[in-house]
There are 2 protein chains.
Amino acid sequence: MLQRRQGALRDDGSRNVLVTGGLKEAFPLRQNGSLSRILHVLLHMDQHRDPMTSEQIGQMLGTNPTVVRRTMAGMREAGYVSSVKGHGGGWTLARPLSEMTLLDVYKALGAPELFALGLATDAPTCLVEQAVNTALGRSLEEAERQLLAGFGQVKLSEIAADFEHRAARSKHGTCKVKHVA
Amino acid sequence: MLQRRQGALRDDGSRNVLVTGGLKEAFPLRQNGSLSRILHVLLHMDQHRDPMTSEQIGQMLGTNPTVVRRTMAGMREAGYVSSVKGHGGGWTLARPLSEMTLLDVYKALGAPELFALGLATDAPTCLVEQAVNTALGRSLEEAERQLLAGFGQVKLSEIAADFEHRAARSKHGTCKVKHVA
DNA sequence: ATATCATGTGACTTGATATGGCACATGATT
DNA sequence: AATCATGTGCCATATCAAGTCACATGATAT
């Protein structure tokens, strides 16, 4: 191995797993998991007629209600979900999944950095580094365009349909939350 | 802002800059800068007839000789550079830049993670999460293919040519290291 | 041969940051 | 008024890229 093993495996070969209140969540690298988590939440909300509380969602994701509220904040500001306080309150979808794409969610999350590869300096004085940044930057920008274009073409309702399909084929309960209307 | 400001800007608006022994290097995010740095080094080595020591390279990159040795280790193992100990030793290119692509370097570095976006769990039992992972993973894999294909088409000699072009147009000294044969 | 120089590498330190979590304010429902 | 739920400031924790030290190994020069 090069680069002084920076991976996810520990000496005993196990994954690095955060154990929080008895629940587990595995994040292999120093990656931003909020997009993945939000999607998980949105699809579950779609299966759920009543508002879901941050507490419920937190348990589902194996995380803390506070984290849920904070991550959902962007979605609320963008108008994709709404939150209600007090008895019977919680989170609900503010529009159908057919009117949301991966790109919409990504943007609502504040369009976090996509790549784990970085350029050494923003505006280097070294001409060599300028040339390197230009070449590398060009590839990265192209990839970013591709990726975001791809995100824009995936409607959340399509993901939901894929879920329905999976659910139809295996009759076991799945998550910690029931998939009921 | 959403997601509890995780960006690169501090309250005073300045970038987070690592100051090391008087030199500065800016890494906006938790990104892996080794590819960018290695490229910088390789191009400089190409301009340098004599072997370059880790000390020289370290000064050039604003980092430490040990870091340089460690990062270069993968390149040596892959046969792109060679290192010689003792007086007059140091690092030299083991083959011309025209025979190396961005992809080669990336692989020699151990093919570090490309994306800052992660899936919540590797093999979730929740069917909803499975559907999410599938959708997100598909987009990410597609983008990865694109990006690596792009890397494979960029020869380092092309980046060097771009540098030569820049150097011809501006006659100022640039880096901390002279661009001489 | 031996002093010097340069790489090779284990072990530890430092700094950045995604996420976890508490505490308390705000507002809605019963 | 009691309870429930969100909103959010503040701090804690874990992980990891990069920095640093220390020392071994090997090559060159005098």
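Residue numbers start from 1 in every chain, and the chains themselves are labelled A, B, ... in the order their sequence lines are given, proteins ahead of strands.
Of the candidate nucleotides D:dG7, D:dA5, D:dA18, D:dG7 has the atom lying nearest to any side-chain atom of A:R76. Closest to the side chain of A:V67, from the set C:dT19, D:dG7, C:dT7, is C:dT19. When each of D:dG7, C:dT7, C:dG20 is scored by its nearest atom to the side-chain atoms of B:W91, the top-ranked nucleotide is C:dT7. Nearest nucleotide to the A:H87 side chain, out of D:dT3, C:dG8, C:dG20: D:dT3.
In terms of phosphate contacts, A:S83 brings no side-chain nitrogen or oxygen within less than 4.0 Å of OP1 or OP2 of D:dA5. Between A:R37 and C:dA18 there is no side-chain polar atom (N or O) within less than 4.0 angstrom of OP1 or OP2. For C:dG20, one of the phosphate oxygens OP1 or OP2 lies less than 4.0 angstrom from a side-chain nitrogen or oxygen of A:T63.
Residue side chain B:R70 reaches the base of D:dT20 through a donor-acceptor N/O pair under 3.5 Å, judged by distance alone.
With the nearest nucleotide of DNA chain D identified for both B:G86 and A:G88, A:G88 has the one nearer the 5' end.
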Within the sub-3.5 Å range, which N or O atoms of nucleotides 22-25 of chain D have a protein N or O partner, and how far apart are they?
| residue | atom | partner | partner atom | Å |
| --- | --- | --- | --- | --- |
| D:dT25 | O2 | B:K85 | NZ | 3.2 |

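With respect to A:E129, the side-chain contact (heavy atoms from CB on, under 4.5 Å) criterion is satisfied by exactly one of A:T125, A:L127, A:N133: A:N133.
Taking atom CD of residue A:E55 and atom P of nucleotide C:dC22, one finds them 11 Å apart after rounding to whole Å. Rounded to a whole Å, the CG atom of A:L35 is 11 Å from the P atom of C:dT19. Here C:dA6 presents its C1' atom at 12 Å from CD1 of B:I57, a figure rounded to the nearest Å. What separates CD of A:E113 from C1' of D:dA17 is a distance of 16 Å, to the nearest Å. At whole-Å resolution of the value, CD in A:E77 and C1' in D:dG7 are 11 Å apart. For the pair B:D50 CG and C:dC5 C1', the computed distance is 15 Å after rounding to whole Å. Between the CG atom of A:N64 and the C1' atom of D:dC11 there is a distance of 13 Å, given to the nearest Å. One can place CG of B:L61 at 11 Å from P of D:dA18, the figure rounded to the nearest angstrom.
A donor-acceptor pair is defined here as one N or O able to donate and one able to accept, closer than 3.5 Å; no such pair exists between the side chain of B:Y80 and the backbone of B:L97.
Partners of A:S139 under the side chain to side chain contact (heavy atoms under 4.5 Å, CB included) rule, at least two apart in sequence or in another chain, are B:L102, B:L147, B:F151, B:V154. Legend: residues meeting side chain to side chain donor-acceptor pair (under 3.5 Å) with A:T134, ordered by chain and number and at least two apart, are B:R166. Listed by chain and residue number, A:D104 satisfy the side chain to side chain donor-acceptor pair (under 3.5 Å) test with A:T101 (two or more places apart in sequence, or in another chain).
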Side-chain atoms of residues 85-96 of chain A: list all donor-acceptor pairs with protein atoms under 3.5 Å, sequence neighbours left out, distances to 0.1 Å.
| residue | atom | partner | partner atom | Å |
| --- | --- | --- | --- | --- |
| A:W91 | NE1 | A:S54 | OG | 2.9 |
| A:T92 | OG1 | A:S82 | OG | 3.3 |
| A:R95 | NH1 | A:E99 | O | 3.4 |

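Among residue pairs with one or both ends in residues 145-155 of chain B, those qualifying as side-chain hydrogen bond (donor to acceptor under 3.5 Å, both in side chains) are B:E142-B:R145, B:E142-B:Q146; sequence neighbours excluded.
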